[in-house]
Amino acid sequence: MKKVGLFMRILIAIALGVGIGWIAPTWIIRIFSTFNEIFGNFLAFCIPLIIIAFIVPGIGELGRGAGKLLGLTTFVVYLSTALAGMLALFVAKNGFQVLLPPTLLQAVGNPGDALLPSYFSIEMPPVFNVMTALLLAFLLGIGIAATQAEQLMKASSEFKAIIGKVISSVIIPLLPIHIMGIFMNMTQAGAVAMILQVFLKVFAVILLMHLVMLILQYSTAGLLNKKNPLRMMKVMIPAYMTALGTQSSAATIPITLQQVKKLGTDEDIADFTVPLCATIHITGSTITLTSVASIILLLHGQPLSSAQMIPFILMLGITMIAAPSVPGGGVMAALGLFQTMLGFDEAMISLAIALYIAQDSFGTAANVTGDGAIAQIVHAIKHRTFQSAQLDKG
């Protein structure tokens, strides 16, 4: 089963969950519910540790980069990520209600209300709460960047490696079982058929938003460099297809770098921006996370408040810095925000993980393809700045 990609394992888990949920007796579903309860508690225990592990070295490394090029690239990336989130929020607020028939909530109510309970639970209290973890992570990350604390940086990187191993060796392998149990329970509750129909429509909208965002990015890059944006996007197709298969921005770096240089990007800019963007550029993932969070809130009868969602989007761009390169790592890094900023409970978090991972490869491919536009934008700004400086000297 390990040879099967995570995407296929998730699809198989959902299919099995729905199938077994139709025919299984209550006691079998409650066994899986018990596993889900224990796994959910373990995940809740890990969330603050994941936040510390990824944000601290991520910010620490960012602050150790060289000069103006780092600041310029980071600003362009963050602006792009924030705009992607705002696009997803605009579509969610104005379009998702069409995908969510008024009769759905009347028919199924809150999807979590009819779920069968577990036989027992094992308490696993986190070392500290999520907000404490976020504050501590930012404090340590900024402190490391400001003081060049080599030993603390080394320790945080080693801690990140440990938590990354927990994710890749424990959490990710068990996720399909957890997701199967969730969909099994939802099926017996009578909610899954209509909910899956809604999510399939949402996925189609997400893919369309990925395309719209890429067109916006390359239109900007094309305008600044006086190039045809569609031809530029065509050059990046090999990077898109590679990322679609690997589900990893890091694994796609060699192909991305090769294609970015074919766009005419200066070699030094390409060599700097591509590896950096593989870590911090998450427009596709931001669209997916914002959309998934929005539809889950709507399914649970909660309104989409801009006052709640906009800070969530702005924090995503920071919290997912240096998200682990394992498939599904982005949603793991964002779990704390789901809890603290959106008020997600365990069932909502589990559903968000399942839905995000099922679409993760497309989000990663959009991230990677957009790296070419970011590199070209930085290329254009740097050259215009250099030309202005030469004119001033003249």
Side-chain angles (χ1 to χ4, degrees), residues 5-8 11 73 76-77 79-81 83-85 87-88 91 202-289 291 320 323 325-330 356-381:
L6 181 60
F7 174 69
M8 285 304 301
L11 291 185
T73 307
V76 173
V77 164
L79 183 61
S80 176
T81 300
L83 288 174
L87 170 66
V91 172
V202 170
F203 280 172
V205 175
I206 288 172
L207 292 179
L208 183 59
M209 284 192 285
H210 285 170
L211 178 60
V212 169
M213 192 63 205
L214 286 172
I215 290 172
L216 289 174
Q217 288 175 324
Y218 278 94
S219 294
T220 304
L223 183 65
L224 290 174
N225 290 280
K226 298 179 180 178
K227 295 180 181 178
N228 186 323
L230 295 180
R231 289 181 181 174
M232 295 170 75
M233 291 175 66
K234 186 178 179 181
V235 171
M236 294 301 296
I237 287 176
Y240 183 93
M241 299 306 296
T242 304
L244 206 60
T246 63
Q247 285 185 260
S248 170
S249 297
T252 314
I253 284 176
I255 303 298
T256 309
L257 192 58
Q258 171 186 291
Q259 300 309 116
V260 167
K261 289 180 180 178
K262 286 183 179 179
L263 291 174
T265 311
D266 283 352
E267 189 166 336
D268 59 333
I269 293 177
D271 290 342
F272 179 83
T273 56
V274 169
L276 178 63
C277 286
T279 302
I280 67 174
H281 186 222
I282 53 163
T283 49
S285 300
T286 300
I287 287 172
T288 305
L289 284 167
S291 301
M320 289 180 66
S325 57
V326 297
Y356 176 87
I357 290 179
Q359 202 273 336
D360 185 31
S361 57
F362 295 98
T364 301
N367 295 342
V368 165
T369 307
D371 292 350
I374 299 296
Q376 278 284 285
I377 291 170
V378 172
H379 168 94
I381 294 173

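Along the sequence shown, residues are numbered consecutively beginning with 1. Only this structure's heavy atoms are used, side chains among them; waters, hydrogens and symmetry mates stay out.
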TODO: Could you walk me through whether His210 and Ile287 pass side chain to side chain contact (heavy atoms under 4.5 Å, CB included), step by step?
DONE: CA-CA 7 Å; His210 285 170; Ile287 287 172; 3.9 Å; yes
Task: Trace of the side chain to side chain contact (heavy atoms under 4.5 Å, CB included) decision for Met233 with Ile215 - done: CA-CA 8 Å; Met233 291 175 66; Ile215 290 172; 4.2 Å; yes
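The backbone N or O of Val77 sits nowhere less than 3.5 Å from a side-chain atom of His281 that would complete a donor-acceptor pair. Using modelled atom types, one side-chain atom of Lys227 and one backbone atom of Leu263 make a donor-acceptor pair closer than 3.5 Å. Using modelled atom types, no side-chain atom of Thr265 and backbone atom of Ala270 make a donor-acceptor pair closer than 3.5 Å. A donor-acceptor pair is defined here as one N or O able to donate and one able to accept, closer than 3.5 Å; no such pair exists between the side chain of Ser80 and the backbone of Val76.
By the side chain to side chain donor-acceptor pair (under 3.5 Å) test, Ser285 is found to be paired with Tyr356, Asn367, residues two or more places apart in sequence or in another chain being considered. A search for side chain to side chain donor-acceptor pair (under 3.5 Å) contacts involving Gln259 returns nothing, not counting sequence neighbours. Residues passing the salt bridge (charged side-chain N to carboxylate O under 4.0 Å, His left out) test with Asp271, sequence neighbours excluded: Lys261.
Distance check: Lys262 NZ to Lys234 NZ gives 12.0 Å after rounding to the nearest 0.5 Å. We find the OG1-CD distance between Thr283 and Gln217 to be 4.5 Å, quoted to the nearest 0.5 Å. Atom OG1 of Thr256 sits about 13.0 Å away from atom OH of Tyr240, to the nearest 0.5 Å. Expressed to the nearest 0.5 Å, how far CE of Met236 lies from CE of Met241 amounts to 13.5 Å. Note that the CZ atom of Phe272 and the OG1 atom of Thr73 stand 5.0 Å from one another [nearest 0.5 Å]. In this structure, CG on Leu211 lies 9.5 Å from CG on Leu216, to the nearest 0.5 angstrom.
What you find for Ala243 and Val368 is that their closest heavy atoms are CB-CG2, 3.8 Å. Nearest heavy-atom pair across Ser291 and Ala88 is OG-CB, 3.9 Å. Nearest heavy atoms, Asp371 versus Ala278: OD2-N, 4.0 Å.
In this structure the side chain of Leu87 never reaches within 4.5 angstrom of the side chain of Leu83, judged on heavy atoms. Contact of the Thr220 side chain with the Gln376 side chain is not registered, since no non-hydrogen atoms from C-beta on lie closer than 4.5 Å. For the pair Tyr218 and Thr369, the minimum side-chain heavy-atom distance is below 4.5 Å.
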